[in-house]
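Notes follow once the structure below has been shown.
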Amino acid sequence: MSSKRHILTAVAWPYANGPRHIGHVSGFGVPSDVFARYQRMSGNNVLMVSGTDEHGTPVLVLADQEGVSARELADRYNRMIAEDLVALGLSYDLFTRTSTGNHYAVVQELFTGLYENDYIFARTTKGAVSPSTGRTLPDRYVEGICPICGYDGARGDQCDNCGNQLDPIDLIEPKSKINGETPEFVDTEHFMLDLPAFAQVLGKYLDSKSGQWRPNVLKFSVNLLNDLQPRAISRDLDWGVPIPLEGWSDEANKRLYVWFDAVIGYLSASIEWAKRTGDPEAWRAWWQSEDAESFYFMGKDNIVFHAEIWPAMLLGYSGRGDRGGTPGALGALNIPTEVVSSEFLTMEGRKFSSSRRVAIYVRDFLERYSADALRYYIVAAGPETQDTDFTWSEFVRRNNDELVAAWGNLVNRSISMAAKNLGAIPEAGELTGEDRRVLADSRAAFDTVGEHLNRSRFKAALQEAMRTVAEANKYISDQAPWALKKTDPKRMETVLHVALQLVSDAKTLLTPFLPASCNKVYAMLGGTGVWSGMPRLEEAVDSIGGEEGSSVYPVITGDYAGNEARWESTPIRPGTPLSRPEPLFAKLDPSVADEELARLEEKAGE
RNA sequence: GGGCCGGUAGCUCAGCAGGUCAGAGCAGGGGACUCAUAAUCCCUGGGUCGCGGGUUCGAGUCCCGCCCGGCCUACCA
């Protein structure tokens, strides 16, 4: 085996304008955690980072509506989201936020590096401004009559009726979507990221990923290269990271645009993590070592930021764009090894929509059902390579038939039988051919499941892992150890030994997907250490937003380095005492599906 | 308008680079067993692979057109 690899697990940053629903965590949350846990079990050095994305107009608009400051709103949802992600068991090394002083400093450093390498330039454009607030209105917040088709209700960026791209200044009778007033159009100067200056290097980069990335991500990204345009990276806003240039930094109403700062979060969070560990340089092993790898997890709407813009930013900062340059103060930085994008989850046939209340929030879900049940459903039936539909009846079915009946019952029946009859893990006597075969198959699954996980094929990986569960159930049924109790007790002990070894292996194979319940199985079989560590919420201190003083905010972190979980078959130890187990999972009454559906309809009808 | 993705058995979905590709799980039907949260195990599936053309000895699998759905096109994953 090769030596330990450094693997950055970069998880998309949830936007802090509300609670996150199960579609969000299907896209970035659960897949990234499965991946990270597997890589740790394989002995690799994983750094898993993310945080809340808090800048930008949507937060500002919502804060205005509620009569609170943007920071107060961000504080509220930052905490709520962090709590939800911990409850789901997502094993971040650091989950932070974009409003920290550290983040501001790193963002400004990247801007400066790009600017000095000549990949950023200023340009004057016309922008819509709200007369009453003096605030710039983003294109999407201006509505009016489409100049092409006459549709009343076209947005400033696009007409939903005829599909044409628009400029807000062309709209007839433009109105602010926020308060209905007529915007003024004024000249405003903005910085642009010169994406065309990366066409060559990005082309080579994407070519080199052929056959590795999911085809949809790659095709999409390659196609983007055909039409690279400079992209604005600043906005007329007072909520965001200030522009670190003379004449701009003290400009109250000019900030870096939210997507520019959000992707830099991967780097700033890595640096923040290193500072917190007491070794401020530790982040470099994941960002600058030539053989370090980075995997980015997100939903399909974010591909452009991760496969095009973020690599361009990193290359430009490192002096590796088409115009060359020199690395900034942090040094040259690695670009993504792989961009893993999920598709979308629909909800009972409808698109998730917070505004229309078509949503199942993570928090509500976990109040009534276990994290592992949700994680199982998301991996087994989630939108890995295409949109999939969440239905409550399918959730109940998967929970009852697969988690409870197949896996939970396997654990229960085998440990119960051994505990009741022997009180401990029995020795194996002489093994039959069938015993050897089933044990060998179980060991072989580590390679097949691991290969799937390495390639981010989570659904296939889980299916293979569950196949070993079915094999174990079949083995027990075929061998019928309960019938051997009187006829051949020694043979019964051997069969139970084999069965428990199969349970132990399956528990290991399922750990990336179902960490909480697998930790329980580990303990049932006599394990005493920490099997696969769970994240925890800590209160952290940082100068928020680069301001004077400090502020306390929650971060997710955890201790995973010393975990017992290894990606291999671990021999069970005969003689280990066993007691009658508690059921691993709760079976759900079929009426749950109807109740939840009614609840959803009720909310949508409000 | 442009781009990307999807439309496969009642349901949810696999089918990577053309020739056991017409599949899996669940539901439904029959049987076995009783250790286990009545769980498990065995047997049982023939669906115009969205529609219409085309290229091939041969196409869910490649090409063209069309229909439907999702996403992106300065940011709800």
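Proteins come first, then strands; the chains are lettered A, B, ... in the order of their sequence lines, and each starts at number 1. Predicted model only: the values in this text are computed from it and were never measured.
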Open item on the list: For a quick check of understanding: with a heavy-atom distance under 4.0 Å over all strands, which category does A:Ala499 fall into, base, sugar-phosphate or nothing?
Closed with: nothing
Open item on the list: Expressed as a whole number of angstroms, how long is the span from A:Tyr475:OH to B:A36:P?
Closed with: 19 Å
Task: P atoms of B:C4 and B:C62, separation to the nearest Å - done: 15 Å
Open item on the list: Side chain of A:Asp401, heavy atoms from C-beta onward: which of B:U40, B:A27, B:C35 has the nearest atom to it?
Closed with: B:A27
Got a list of protein N/O to nucleotides 4-8 of chain B N/O distances below 3.5 Å?
unit_1	atom_1	unit_2	atom_2	d
B:C5	OP1	A:Lys219	NZ	2.8

Open item on the list: Under 4.0 Å, counting only non-hydrogen atoms across every strand here, what does A:Thr388 touch: a base, just sugar-phosphate, or nothing?
Closed with: sugar-phosphate
- [ ] Looking at every strand, decide which applies to A:Leu584 at a 4.0 Å heavy-atom threshold: base, sugar-phosphate, or nothing.
- [x] base
Open item on the list: Is the distance between the ring centroids of A:Phe260 and A:His55 under 6.0 Å?
Closed with: no
- [ ] Can you tell me, in whole Å, how much space there is between the C1' of B:U12 and that of B:C51?
- [x] 24 Å
Task: Spacing of A:Lys459 atom NZ relative to B:G15 atom C1', expressed in whole Å - done: 13 Å
Open item on the list: Under 4.0 Å, counting only non-hydrogen atoms across every strand here, what does A:Lys587 touch: a base, just sugar-phosphate, or nothing?
Closed with: base
Task: Geometric cation-pi criterion, A:Arg397 with A:Trp392: 6.0 Å, 45° - done: no
Task: P gap between B:C21 and B:C64, integer Å - done: 27 Å
Open item on the list: In whole Å, measure the gap between the C1' atoms of B:U55 and B:G29 for me.
Closed with: 45 Å
Open item on the list: With a 3.5 Å cut-off and heavy atoms only, can you find an N or O donor on one side and an acceptor on the other between the side chain of A:Tyr15 and the base of B:C75?
Closed with: no
Task: Value in whole Å for how far the P atom of B:G70 lies from CZ of A:Phe344 - done: 12 Å
Task: Whole-Å C1' distance, B:G10 and B:G19 - done: 31 Å
Open item on the list: From CZ of A:Arg455 over to C1' of B:C16, roughly how many Å is that when rounded to an integer?
Closed with: 8 Å
- [ ] Return the value, rounded to whole Å, for the distance between atom CG of A:Asn421 and atom C1' of B:U34.
- [x] 14 Å
Task: Aro-ring/base stack A:Trp259-B:C75, d under 5.5 Å, angle under 30° - done: no
TODO: Using the P atoms only, state how far B:U34 lies from B:G7, rounded to an integer number of Å.
DONE: 46 Å
Task: Base paired to B:G23 (Watson-Crick or G-U; both N/O distances under 3.5 angstrom) - done: B:C13
Open item on the list: Tell me if B:G30 is syn or anti. Syn = glycosidic torsion within 90° of 0, anti otherwise.
Closed with: anti
- [ ] Could you measure between the two P atoms, the one in B:G2 and the one in B:G65, and give it in whole Å?
- [x] 11 Å
TODO: Could you check whether A:Pro481 gets within reach of a base, just the sugar-phosphate, or nothing at all, counting any heavy atom under 4.0 Å?
DONE: nothing
TODO: Determine the Euclidean distance between corresponding C1' atoms of B:C33 and B:G69; express it in Å to zero decimal places.
DONE: 47 Å
Open item on the list: Between A:Asp441 and A:Arg437, does any side-chain N to carboxylate O distance fall below 4.0 Å?
Closed with: yes
Task: G-U wobble or Watson-Crick pairing nucleotide for B:G1 (cut-off 3.5 Å, both distances) - done: B:U73
Open item on the list: Does A:Ala232 reach a base, just sugar-phosphate, or nothing at all? Heavy atoms under 4.0 Å.
Closed with: base
TODO: Check every strand shown and say whether A:Val404 touches a base, only sugar-phosphate, or nothing at a heavy-atom separation below 4.0 Å.
DONE: base
Task: Donor-acceptor contact below 3.5 Å, side chain A:Arg457 vs main chain A:His452 - done: no
- [ ] Could you tell me whether A:Asp194 and A:Arg231 have a side-chain N and a carboxylate O separated by less than 4.0 Å?
- [x] no
Open item on the list: Show the nearest heavy-atom pair for residues A:Tyr369 and A:Val592, with the distance to one decimal.
Closed with: OH-CG1, 3.2 Å
Open item on the list: Please compare A:Ala381 and A:Ser26 by the position of their nearest nucleotide in RNA chain B and report the one closer to 5'.
Closed with: A:Ala381
- [ ] Tell me, please, whether A:Tyr257 has A:Arg235 positioned over its six-membered ring: NZ or CZ under 6.0 Å from the ring centre and within 45 degrees of its axis?
- [x] yes
Open item on the list: Run A:Thr98 and A:His103 through side-chain hydrogen bond (donor to acceptor under 3.5 Å, both in side chains) and show every step you take.
Closed with: CA-CA 6 Å; A:Thr98 57; A:His103 180 71; 4.9 Å; no
Task: Watson-Crick or G-U counterpart of B:G6, or none if no pair lies under 3.5 Å - done: B:C68
Task: A:Trp482 CH2 - B:C33 P separation (whole Å) - done: 11 Å
Open item on the list: So that I can tick it off, tell me whether A:Lys254 and A:Asp236 are bridged by a salt bridge, with the cut-off set at under 4.0 angstrom between side-chain N and carboxylate O.
Closed with: yes
Task: Cationic N near anionic O, under 4.0 Å, A:Arg467 to A:Glu464 - done: yes
TODO: For A:Glu402, answer base if it contacts any base atom (sugar-phosphate contacts may also be present), sugar-phosphate if it contacts only those atoms, and nothing otherwise; contact means non-hydrogen atoms under 4.0 Å.
DONE: sugar-phosphate
Open item on the list: Need one value for A:Lys420: base, sugar-phosphate or nothing, where a base atom within 4.0 Å counts as base even if backbone is also close, heavy atoms only.
Closed with: sugar-phosphate
- [ ] Rounded to the nearest angstrom, tell me the gap between atom CZ in A:Phe395 and atom P in B:G25.
- [x] 22 Å
Open item on the list: So A:Phe297, base contact, sugar-phosphate only, or nothing? Heavy-atom distance under 4.0 Å.
Closed with: nothing
TODO: Please work out if A:Arg231 contacts a base, only the sugar-phosphate, or nothing of the nucleic acid, heavy-atom cut-off 4.0 Å.
DONE: base
- [ ] Let me know the distance between CG of A:Asn302 and P of B:A74, rounded to the nearest Å.
- [x] 14 Å
TODO: Map A:Val469 and A:Gly408 onto RNA chain B by nearest heavy atom, then report which one ends up closer to the 5' terminus.
DONE: A:Gly408
